[in-house]
Amino acid sequence: MDSYKELLKLIDRKRLPQHIAIIMDGNGRWAKKHNCRRIVGHLEGTKAIRKIVEFCRETGIKILTLFAFSTENWDRPKREVYALMNLLSRFLRQEINNFQKNNIKLLAFGQIERLPTKVRIELAKTIDATRGNRGLILNLALSYGGREEIVHACREIARQVSNRRKKAEDINEEFFNNYLYTTGLPDPDLLIRTSGEFRISNFLLWQIAYSEIYVTPVLWPDFNRQELLLALIDYQRRERRFGKVKNG
Ligand code: FPP
């Protein structure tokens with residue numbers, strides 16, 4: 001705890017990332033390491049989510065985007081998918097009061113229509129209830145894939161062009177952005193990946209063009225406030241140039 005307090009002192013509160021995105025990886029490896037079933041790893045991963053949400057809210061981070069379930073995750077054994085969906089709906093049921101109490105707004109993006117009805121119902125209920133909250137935005141990527149998102153955007157734009165509502169010349173980066181699931185939100189400043197893999201795994205392919213990337217070997221269930229502070233310290237040491245030259 002003492003080292004946590006020391007680390008906290010190193011943070012410049014005026015230069016915090018406003019949007020943090022996390023690829024929460026390593027639940028399965030955590031379970032293996034502790035000789036338990038994969039679902040126990042996911043359960044512990046859910047506890048880590050609670051801690052990180054609390055930290056972001058307290059610290060004044062504006063948006064936390066979590067990769068909670070990818071389009072590829074549907075190919076996992078049926079039992080694991082079922083367990084993950086159960087965890088998700090339980091998480092939403094349990095957290096709704098906390099979200100209200102702490103002014104947290106929930107958003108979700110991805111192929112939401114593929115989720116089981118009971119998850120969609122909990123999601124819609126929580127999103128609706130927290131719509132007016134103005135504190136932290138907790139943004140869950142569910143049944144999400146970056147390529148699918150881009151294809152989805154292209155399909156929508158193609159429809160507009162073929163209906164003659166838009167011209168091909170209207171398409172630029174800003175226009176394209178409006179057709180992504182994340183429209184209205186700023187791009188992540190910091191992308192964190194746990195469990196040591198140097199991969200993007202089809203997450204926010206468009207939005208992370210200029211994000212700072214931080215990879216830690218820590219498995220997601222072990223990722224805590226202290227680990228997030230280390231990521232923030234690393235982020236604040238970097239100079240973000242967005243392709244330009246210093247002072248240019
Ligand atoms: C990766 O671990 C993690 C996921 C499949 C997604 C994250 C899910 C949770 C934290 C739990 C449920 C989510 C919510 C929002 C309640 P992995 O299984 O790929 O780990 P491995 O690579 O070590 O096998």
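Remember, it's 1-based here, ligands and their atoms both numbered in the order they're listed. We use all heavy atoms of the structure for the numbers below, so side chains are in, but hydrogens, waters and symmetry mates are not.
The closest side-chain donor-acceptor pair between T46 and R90, if any, does not fall under 3.5 angstrom. A side-chain donor from one of Y4 and R225 sits under 3.5 Å from a side-chain acceptor of the other. Donor-acceptor pairing under 3.5 Å is lacking for the side chains of Q100 and E95. T71 and Q111 share no side-chain donor-acceptor pair at under 3.5 Å. For S143 and W74, the side-chain atoms include at least one donor-acceptor pair closer than 3.5 Å.
By the 30° and 60° cut-offs, the orientation of the rings of F109 relative to Y181 is tilted. Note on ring orientation: taking the six-membered ring where Trp is involved, the planes of H34 and W30 are parallel (angle under 30°, cut-offs 30° and 60°).
Taking all heavy atoms of E80, R50, R38 into account, the minimum distance to atom 24 (O) of ligand 1 is reached by R38. For atom 17 (P) of ligand 1, the candidate residues are R76, K32, K33; the nearest heavy-atom contact is made by R76. By heavy-atom distance, the residue among N73, L88, N27 lying nearest atom 10 (C) of ligand 1 is N27.
Atom numbering of ligand 1 starts at 1 in the shown order; those under 4.0 Å from a heavy atom of F91 are 16 (C). Atoms of ligand 1 found under 4.0 Å from any heavy atom of G28, numbered from 1 in the order shown, are 17 (P), 18 (O), 20 (O), 21 (P), 23 (O), 24 (O).
Summary of contacts: the protein heavy atom closest to atom 12 (C) of ligand 1 is T46 OG1, 3.8 Å. With respect to atom 1 (C) of ligand 1, the closest heavy atom belonging to the protein is M24 O, 3.2 Å. Nearest to atom 6 (C) of ligand 1 among the protein's heavy atoms is A68 O, 3.1 Å.
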Trace of the side-chain hydrogen bond (donor to acceptor under 3.5 Å, both in side chains) decision for N202 with E72:
CA-CA 9 Å; N202 204 12; E72 292 76 20; 3.1 Å; yes
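Residue contact check for ligand 1: S195 places no non-hydrogen atom closer than 4.0 Å to it.
When only interatomic distances are considered, the shortest N/O to N/O separation between R29 and ligand 1 falls below 3.5 Å.
With a 4.0 Å heavy-atom cut-off, ligand 1 is reached by the side chain of I49 but not by its N, CA, C or O.
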